Amino acid sequence: MHKITTKETFKIYNTLSRKKEVFMPIISGHVGMYVCGATVYNDVHLGNCRTFISLDLIVRYFRYLGYKVRYVRNITDVGHLEDETNDSYDKITKKALIERIEPMELAQKYTYYLHSILDKFNALSPNIEPSASGHIIEQIEIIKMLIKKGFAYEIDGSVYLDLNTYIYRYKYGILSRSNIEKTLEGNSRCLKNRRQKRNTKDFSLWKKADDAHIMQWMSPWGRGFPGWHLECTTMSLKYLGDVFDVHAGGIDLKFPHHDCEIAQSISLHGKIPVHYWIHTNLLTLNGEKMSKSIGNTIFPFDILTKFSSDVIRFFILQTHYRKILDFSSKALVSAKIGYNRLIESFLTLEVIFRRNIKVSTSTLNIITWKQKCYDAMNDDFNSPRLIAHLFEAMHCIHSLLEGDEYLTYYDLKLLENTMKSFFLEVLGLKIKIKKQTSKVEELLKFLIEIRSKARKEKNWVISDNIRKDLFKIGYNLLDNENETKVEVI
RNA sequence: GACGCCGUGCCCGAGUUGGUAAAGGGGGAAGUCUGCAAAACUUUUAAUAAUGGUUCAAAUCCGUUCGGCGUCUCCA
């Protein structure tokens, strides 16, 4: 494995301090990382995918540096309110009624779907993927403790976190740096329909369920279901401890979700639960947030027919995770062309190895280049810069092929290993060469032979017709010096 | 209204704890190659939103303006 040699220069942008900070794990060599996963009531869209792909890059790089990562990503299958003014239904229940299936069946269906999509994008599975519905008992225990400590109160079968009590002792909103009073002042929507709560700013830990609510559990406060913010606090506490290294998620979860999590944890044990908060930025469509509720969404299968999952992943990683990324097919086409060139260079490298030219000194400094790759990733996971360095390596390979530059066998191997490991392990991309089924391949070979014969006889009519007709059905013939290559369109 | 973020060439996109010539990709142009075409390779092209200020030095820090976006409702 790779040694953790660069840890003193490895920096992560921490939303809490709004600065890049040198990463120092709680336990040397280990990283505990919690990611807010998806609410499984609908197909994941490309915006969700961007977040999980960005965070996959982060997990991969931790591991690449040699850290042992416990990667926990939850499944929200209960408790996420569709609309707080409507007490009866949460997202899962509502969709289950529409689809006429059991809520659990719905959650299962979309969980499978999420897995299959993320698998396609080569995102690594979490080590633990806990679901909210599987941790009802733990959540009830935490609510009990919060009530006992005086930070929560029960009214008519629902339990709320008492922010006034909390604010008396601690600061609320340290992550978003929002002033809850001022925030509520300017937002009239928040003032409606809060008859149950002592204060509008209090948020629910447990909600009473009426008979129509399918997903409900028995609790000391009657039948109900847990609030959304509680599940992450509960499950991260259970699997990573009361204070852990990294908590990550989409930027839209910063407030109120993550600030509420912090309030819950601090109420519980008095400590800020996380050292490094990482927030990924949004994927926009026509400049606006891609969102299920707004409806401007692109689903993975909408574009997987036009672009491979690798190209989409490459496209996403070409932008830094903290920058807004606007979806456009034009940019995707650019990414596709660049990606293919990069893959070609791996094949060119093989050609250079086969040539086996022996030199005693190198004309290029591969060690310096390798360090630049690390520097890019060490600077808050700067994948666009890493990709730029891979393109530089591609140009080096071309120069080697032309004989303009030379590398010793050792340096050549170093170049290959570094390039491949960053490409495959860190960026999580694949070096895939499209291949035909054997019979199609034989037929193509046969046609190319006929065409080659025609070309030798300068029968351009036959040779051009073969090329034209094959192009029509998706095969592009490329005539090189001695051979004809087939490109699948 | 409160709290934030962003604006880099034709397009995408690094650089934003101030400092050598502002990465990289795509596109355009020219060339090499070539029966033609394509591909590949080489070279080349062009930018810091506007305006003040701080500084020996600003894309980077501060002010103002314009434009875009996010959160405060459920969100990745």
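From a predicted model like this one, the values you see are computed outputs, not experimental measurements. In what follows, chains carry the letters A, B, and so on, assigned in the order in which the sequence lines appear, proteins first and then strands, with residues in each chain numbered from 1.
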[X] side chain near [N] phosphate (N/O to OP1/OP2, under 4.0 Å):
| X | N | answer |
| --- | --- | --- |
| A:H398 | B:U42 | yes |
| A:N382 | B:G15 | yes |
| A:K456 | B:G35 | no |
| A:H279 | B:G70 | no |
| A:R341 | B:G26 | yes |
| A:T39 | B:A76 | yes |

Using the P atom as the reference point in each nucleotide, state the distance between B:A14 and B:U54 in Å, no decimals.
32 Å

Please state the C1' separation for the pair B:G19 and B:A58 - nearest whole angstrom.
10 Å

RNA chain B nearest-nucleotide lookup for A:F255 and A:L283: closer to the 5′ end is A:F255

Indicate whether A:W460 forms a stack on B:G35; treat it as stacked only if centroid distance is below 5.5 angstrom and interplanar angle below 30 degrees.
yes

Is any side-chain N or O of A:D464 under 3.5 Å from a base N or O of B:G35, one able to act as donor and the other as acceptor?
yes

Can you find a donor-acceptor N/O pair under 3.5 angstrom joining the side chain of A:K323 to the base of B:U16?
yes

Base, sugar-phosphate or nothing for A:H320? Non-hydrogen atoms, less than 4.0 Å.
sugar-phosphate

